[in-house]
Amino acid sequence: MQSWRRKSLWLALLASWLLVLLGLFPLLRLAVPTSPRAGAPQGWPRWLDAELLQSFAKPGELLEDGPRPPQALRGGSCNWGACFDTSKCRGGGLKVFVYPAAGPVSETRRKILASVEGSRYHTLSAAEACLLLLLSPDTSTGECDPVPPQWDGGRNHLVLSLHPAPCPRTFQLGQAMVAEASPTVDTFRPGFDVALPLLPEAHPLRGGVPGQLRQHSPRPGVALLALAEDGGRWHVAGTDFSACPWDGRCEQDRGPKQTHPGATLPNATFCLIPGRGPDVLHFLQALQAGCIPVLLSPRWELPFSEVIDWTKAAIVADERLPLQVLTALQEMPLTRVLALRQQTQFLWDAYFSSVEKVIHTTLEIIQDRIFGPSAHPSLLWNSPPGAILALPTFSPSPSDFPFYHLQQGSRPLGRFSALIWAGALGQPPLKLIQAVAGSEHCAQILVLWSSEKPPPTGWPKTAVPLTVIDGHRKVSDRFFPYSAISTDAILSLDAHSSLSTSEVDFAFVVWQSFPERMVGFLTWSHFWDEARGGWGYTAKRTNEFSMVLTSAAFYHRYYHTLFTHALPKALRTLADEAPTCVDVLMNFLVASVTKLPPIKVPYGMWHQEARPPPLEPGGPGLRQEPQPAAQNCINQMAAGFGHMPLVSSRLRLDPVLFKDPVSVLHPRLLHEAA
Amino acid sequence: MCASVKYNIRGPALIPRMKTKHRIYYITLFSIVLLGLIATGMFQFWPHSIESSSDWSVQKRSIRDVPVVRLPADSPVPERGDLSCRMHTCFDVYRCGFNPKNKIKVYIYSLKKYVDDAGVPVSSTISQEYNELLTAVADSDYYTEDIARACLFIPSIDLLNQNALRVKETAQALAQLSRWDRGTNHLLFNMLPGGPPDYNTALDVPRDRALLAGGGFSTWTYRQGYDVSIPVYSPLSAEVDLPEKGPGPRRYFLLSSQMALHPEYREELAALQARHGEAVLVLDKCTNLSEGIPAARKRCHKHQVFDYPQVLQEATFCVVLRGARLGQAVLSDVLRAGCIPVIIADSYILPFSEVLDWKRASVAVPEEKMSDVHGILQSIPQRQIEEMQRQARWFWEAYFQSIKAIALATLQIINDRIYPYAAISYEDWNDPPSVKWGSVSNPLFLPLIPPQSQGFTAIVLTYDRVESLFRVITEVSKVPSLSKLLVVWNNQNKNPPEDSLWPKIRVPLKVVRTAENKLSNRFFPYDEIETEAVLAIDDDIIMLTSDELQFGYEVWREFPDRLVGYPGRLHLWDHEMSKWKYESEWTNEVSMVLTGAAFYHKYFNYLYTYKMPGDIKNWVDAHMNCEDIAMNFLVANVTGKAVIKVTPRKKFKCPECTAIDGLSLDQTHMVERSECINKFASVFGTMPLKVVEHRADPVLYKDDFPEKLKSFPNIGSL
């Protein structure tokens, strides 16, 4: 009995202990709020009578807020709609007049003048112009300009200064726009003023130094940070930087120190640039070096911020959160680092590397404002090749250009137009027309008749429409954007060219994979001629090439627009005078846009038994070794572009089963391969 | 509780003196304890669901029960807004501090009812919309209830409509908030600013340094990069169901639907209508509507009555003119109808203009140019119009359609300023989902040919075929551009050969030992890889000539964003089976290259290891197959580009049919590979592979040209 009692007591004891423990846990949980959920009611309350709440506006209040007359301008403040008279730009679009300089012309000013004069918007008549450009005096010797003659309260004026003016302006700016280097955010009027980059004195006029980036991803072991120091120098901090590397106070505990003497470019993944004053120069250096600029609370407006999406190329961080910025940089995903790096290079090459590009970008921004809805979409400004090379007049839709198919998820149209240039030819190129018309991808044939003789009447019957266009006997005419061209792809041909249908078909299919490049059959290569100290080019067969002949090449019709409307007139004239030059010019143009080599496809390979007579010697088709006069053309072109844009390639794209024993064994495959 | 413990401890000592009649007492005690135990257990395991349900976590209260705060007449008033405020001057970023998630913490003050000395309310306690707004914030990831950890504070004082509040007293109410501190880090929402007669474009309530999310800013009141411009919410968004109408030509070219227009504007519009006839429709208030029909839902032109907002869907362009205020609720209705807004309100800062690209969805016409508006709009091509219509509807869906959308977009903008390195991109803000889906942003988009001097790193994955491995090493080391050789030793049971046994080659040779025998080890982004170009090569690929490999590297330099390989393979759609099929026949087309020997950018190793979609990586490791197909999918998907097949080579010695009985094994092999393609296509949700008909050969390949002058004479055959 007792044992039973004892047992039950023990059991009771045990049970009460358990009870205590179990009871204690919830209490403990209440005492220590491990999760906010268990605590008191939280969040914004769900009102029982929420249904009864009134709307923020009384019925009708949103509809009738009291009509109000059009407002007069507030003194001193300007915006685009109020202060710029776009009616002057009707018709011809933007026309820019520059006031001639009074007194001695400084180097910078000379470059600006040359850039404006080289622009397609330039005009010599102030009356015709819709934008009048006033250059701020930039030397202390130059006299401060008096009020210019057509000033009119500054209306439709752009006051441009690449460097801070040494003498105060003697007149009120009025309604003029201001384009100046690194304006402070407080005085900058977005959408009206233009923010320019602060350029070094020795910035080149044209071409400019290409970006320093040689590879997409940062080199392993490269420093994470470089920080801007006075005098255009960079302090490269190792990966184990101290907590505040840009703050002078932390001088002692700086990591491994490498101070580059002089103004060298930083070699690091990120470049820290303090937001005040003179450090803006560092910004361009970082951009050029492919070092991602990290701007610490900049007090100045970023250059061309109206159109350039800087979040893609730079990081604007708060200078008060050093640790956080550093941690964020260290932990930044590789994908983002790659994208930022590449964007710095694209922006540098497209808008900043020369004075000419900076000036043209400024004018392009004004032109975009005038265009309104038909301006460049943001995509054209912020992806290669950039807005200066992507003319919005060509098409409002990015997928019509050869460059944006990936971003747009689109493809080039599936057919081509053959454009046959018939120069000094009496007979229609029957064989060529038949070969081209036999291609399933051919949409139309256009014959550009440039001969003195009237075009013959007897054209062959073809499956596709054939149109004869009467040309003007100028070589550059063959690259005119004829409205008759209805497809994205153009097959440019000479009447002398000889191609087979299978060659045409294969080349077109290749072009569809590379719509931004030229795809051709015959090639030239350029080289640096040490002896003559200049560029040369040759038609000899070598292991590499950099140009394809337009006597037989596929390319996008956009290049006709670009050739005719964007190239400086002087270069086109040059091509007209020396006809071999036109091929060089077209290749220069495409290469400067794509920064890539053209593509070569095999020629005459399918007719082993009888290799077609190579394009008639002496004719415009296959030119043998270029004449010495023509050799000079490449140098003139290089000077006109400011650099040598051509890029060499060492490969040729062949059909997958090209010259394969298998295709010999199986004639069916050969047929398909061809 | 402690007492009972003590008692129980002493219990056993008392037992001998207990009498039998106490037995009942013990039994009762025992049962009570037992019951208690069961009850506690139940409480422990059962009530969790009740605890965590939302009814328990959020109060249900009445607005009438809100505490009342009396504001003395002389309580402080904040200074007027400071126009020079910027994030780095007026915003206390230290409060946001370090945050691994890069999210700001937002605190909402609890609701109070403010009355003045006389007991007269300062404003209506809270409007339906502001309640919705605060609910949306409280339900979002930004919300914190801990005031000490908050970085941004939102007062519960409703400022949406300035007409509904008393300016000075409201300011006093703001000033007495517990963390007001001159308004630092306080965010105020206002949609209808100003009041008669001159209607300021920003809220008139003095607010010192507080950020203002305002609906109707002009360039003069908007502090760029500090304030946020928000839409004026249209209650019709919730009231009316207006299904999307696809883009395309519509009945009217230009429509004006606003009721309160200044006579001058109305004259201009009437003139437009007179000039262009049917194409332009100018609507006005209906004068003779029968009772019971809400005036807000009808518009009239002469005697014709139109339903609003449905009529907006009949027009291509809709005028949004300034009224007394710059921000107009009609903008929201217009966007929703897929009608392109024509903004005629000089100096108006469009909603969310900091991040939204309004050029894609609207046309801004200066007030001065109002008479030309038809001509300006006529110059826009049809395709662009359709694009803009789509964009307008998308903006409404994403940022206008509800108070919640407006609140979250505002917080996102502020968040992106504070954590710029984690900010949302232009494309994320602006591209409609259809564009996002179809577009590819190539991670290696910059046209760039890397210098030849950089060279490449060869990575040989090996298990135990040492002899063959050594031959591969010897062969590969003859390639001029090789800069390093990395052997991935995938055998955990066996040590790699001693250092002295390895072939002596001219470049550094590193051996990496892996923890597990996995195929994905071949695509790991080893720190030892210092070059951008990687050559993945199997330990039995000895047939590739030095010229062939060197040429492959040269081709990679011209196409650094692609897979450059030797034997090509193809995927085909099997119409009978309705699925993908793997093809290794010698065809004219290529969509994949084998990675038994292939050049690619080392970035793709990073992607393969860390960003491979779905379970593909583990699946490949488990099946010990198809790692090359997975790599082909990955690269094609991320770049949108096809592979490059190099030289005529069509197969390796026979790595695909190592078995004795070639044919039957070959069959199962093909079936497995086809399965892989189908599996990957379903994980990727698309078929990213691109088919091409070309391969890359040296310029002079098979040309009638002296062999000794060719750069790559020995290019091999099969």
Side-chain angles (χ1 to χ4, degrees), chain A residues 6 8 12-13 15-16 19 22 41-49 53 55-57 62-70 79 81-82 214-216 220 297 309 315-316 318 320 324 328 334 342 373 378 396-397 406-407 409 509-510 543 595-596 650-654 656 659-660 662 672-673, chain B residues 8 26 30 33 36-37 40 58-63 88 93 98 127-129 134-135 138 145 160-161 259-260 262 323-325 329 346-347 357 363 366-367 380-381 383-384 420-421 426 438-440 444 446-447 450-451 530 532 554-555 586 588 606 640 648 693-697 699 702 711:
Chain A
R6 197 173 292 166
S8 71
L13 185 71
S16 56
L19 185 69
L22 281 171
Q42 48 105 32
W44 185 251
R46 303 280 191 261
W47 304 108
L48 285 170
D49 39 7
L53 289 178
S55 175
F56 75 111
L62 287 171
L63 306 169
E64 298 173 67
D65 61 351
R68 194 145 182 248
N79 59 45
R214 287 287 160 267
Q215 57 177 57
H216 290 97
S297 305
D309 180 2
I315 291 163
V316 177
D318 199 303
R320 293 169 294 173
Q324 198 167 321
L334 181 58
Q342 295 173 69
S378 171
S397 166
L406 272 182
Q407 288 107 316
V509 172
V510 169
N543 283 297
K595 314 222 179 323
L596 293 170
R650 312 191 75 181
L651 60 91
R652 184 183 71 203
L653 292 184
D654 295 336
V656 169
K659 295 245 168 167
D660 200 298
V662 126
E672 280 175 20
Chain B
N8 282 314
Y26 282 120
F30 179 66
V33 166
L37 198 68
T40 321
V58 179
Q59 288 165 300
K60 278 236 171 195
R61 287 185 298 160
S62 165
I63 290 174
H88 61 258
V93 79
F98 181 70
S127 69
Q128 192 188 325
E129 283 80 6
L134 295 181
T135 310
E145 57 173 8
L160 285 183
N161 183 355
M259 303 212 272
H262 190 267
R325 297 193 181 91
D346 288 358
S347 83
D357 185 353
V363 182
E367 287 170 35
I380 305 174
R383 268 172 72 189
Q384 196 180 350
Y421 28 78
Y426 169 90
S439 72
V440 174
L444 306 172
L446 189 73
E530 285 174 303
E532 282 194 295
E554 297 288 343
V555 172
W586 298 350
N588 301 312
Y606 164 82
E693 297 179 19
H694 51 253
R695 71 167 202 242
D697 287 326
V699 175
K702 294 260 173 168
S711 298

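To find a chain, count down the sequence lines: A is the first, B the second, and so on, and within it residues start at 1.
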Q: At a heavy-atom separation under 4.5 Å, does B:E530 approach chain A through its side chain, its backbone, both, or neither?
A: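 Backbone plus side chain of B:E530, per the 4.5 Å heavy-atom cut-off to chain A.
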Q: In terms of heavy-atom proximity below 4.5 Å to chain A, should B:I380 be classed as side chain, backbone, both, or neither?
A: side chain
Q: Checking heavy atoms, do the side chain of B:Y421, its backbone, both or neither come under 4.5 Å from chain A?
A: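 For B:Y421, heavy atoms of backbone and side chain both lie under 4.5 Å from chain A.
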Q: Tell me, for B:D697 versus chain A, whether the close heavy atoms (under 4.5 Å) come from the side chain, the backbone, both or neither.
A: both
Q: When you measure from the side chain of A:H216 to the backbone N and O of B:L446, does any donor-acceptor pair fall under 3.5 Å?
A: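 It does hold such a pair.
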Q: Tell me, out of B:P450, B:S62, B:P420, who's got the most heavy-atom pairs with chain A below 4.5 Å.
A: B:S62
Q: Between the main-chain N or O of B:R695 and the side-chain N or O of A:D654, is there a donor-acceptor pair closer than 3.5 Å?
A: no
Q: Pair B:Q128, A:F56 - check side-chain contact (heavy atoms from CB on, under 4.5 Å), show working.
A: CA-CA 7 Å; B:Q128 192 188 325; A:F56 75 111; over 6 Å; no
Q: Rounded to the nearest 0.5 Å, how far apart are OG of A:S55 and CD of B:E129?
A: 3.5 Å
Q: Heavy-atom cut-off 4.5 Å, strictly under: side chain, backbone, both or neither for B:V363 against chain A?
A: side chain
Q: Rounded at 0.5 Å granularity, tell me how far CZ in A:R650 sits from CG in A:N543.
A: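 The CZ atom of A:R650 sits 6.5 Å away from the CG atom of A:N543.
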Q: Please look at A:V510 and chain B and tell me whether the side chain, the backbone, both or neither of the residue comes under 4.5 angstrom of a heavy atom of that chain.
A: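 It is both, since atoms from each part get that close.
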Q: For the pair B:V93 and B:H88, evaluate side-chain contact (heavy atoms from CB on, under 4.5 Å) and give the outcome as yes or no after the intermediate values.
A: CA-CA 8 Å; B:V93 79; B:H88 61 258; over 6 Å; no
Q: What is the distance from atom OH of B:Y426 to atom CG of A:D309, rounded to the nearest 0.5 Å?
A: 8.0 Å
Q: Side chain from CB out, backbone as N, CA, C, O: work out which of these in A:L334 comes under 4.5 Å of a heavy atom of chain B, or both, or neither.
A: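 A:L334 touches chain B through backbone and side-chain heavy atoms alike.
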Q: Pick whichever of A:Q215, A:K595, A:Q407 has the most heavy-atom pairs under 4.5 Å with chain B.
A: A:Q215
